[in-house]
Amino acid sequence: MRPKLVAANWKMHGSRAMTAQLLGALRDRPPRCEVAVFPPFPYLAQAVELAGQAVSIGAQDVSAHAQGAYTGEVSAAMLADFGARWVLVGHSERRQYHHEDDVLVTAKLERALEQGLSPILCVGETLAERERGEAEVVLARQLATPLHLLGERAADLTIAYEPVWAIGTGRTATAAQAQDAHAFIRSQFAARDAKLSRLIRVLYGGSVKAANAADLFSQPDVDGGLVGGAALDADEFLAICAAAR
Ligand code: PEP
């Protein structure tokens, strides 16, 4: 049995006041499922301080380097030092706007794992790739380098399937589309390690809302969600968490 995880990606939204308000709501009304919150870097320390027992905190990105002359970068050791437990790696907005490729993404995963962080590796196809019938090819490619280079350390990954065409668009994958993609992702682990493929958690991300969460989370290979826009509203996010049973 894989426990459900609901993760909140605040992206580049927030303030000290919003951090206090959203984490206060989660502390006052603790969700029954596992919850991870990913605020922007400047609010990490505040978030770690305010998160109750029920919530753990993560960063939205991490440097591929351990330390050194990399202006503007934040290392995995710094994140661990501030009490972060999780880190998002390879989000489609990083791949698209910062040209992150699978080798760089894998280096970030390695730095995170070295520091004991739990990385959530984001994968997903664009609309053009889906329409060309290439969704599985893309998913297999995005998973191949990390799985090959990480070897047994891949056991410490969580995967987020985030079809790019569903992120921030209001257009959600159907439960059947999500299930197919998640089963395919799991099959990529099965090819290497059958036990790991049963244990690895695969989250769905892309316009998850309270209205569609229960349907998505009821699929056998969907182990929770990575939530963007809807995570900025405490009531909406708590309703999504309530759907993760
Ligand atoms: C995301 O940014 O990871 C995401 C899934 O965003 P949204 O829920 O807004 O589509």
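If you're wondering where the values come from, they're calculated on a predicted model, not measured in any experiment. Index from 1, following the sequence. Start at 1 and go down the list; that is how both ligands and their atoms are numbered.
- Protein residues lining ligand 1, listed by chain and number: N9, K11, H91, E162, A166, I167, G168, G205, G206, S207, L226, V227, G228, G229 [non-hydrogen atoms, distance under 4.0 Å].
- One side chain, E125 or Y161, offers a donor N or O that lies under 3.5 Å from an acceptor on the other.
- With D61 as the fixed residue, the salt bridge (Lys or Arg N to Asp or Glu O under 4.0 Å) test singles out one of R111, R95, R94: R94.
- No side-chain heavy atom of V123 sits under 4.5 Å from any side-chain heavy atom of E162.
- Looking only at side-chain heavy atoms (C-beta outward), R85 and I57 stay at 4.5 Å or farther from each other.
- Within the 4.5 Å cutoff, no side-chain heavy atoms of H65 are placed close to those of S75.
- Evaluation of the salt bridge (charged side-chain N to carboxylate O under 4.0 Å, His left out) test over residues 15-30, restricted to residues two or more places apart or in two chains, returns R29-D235.
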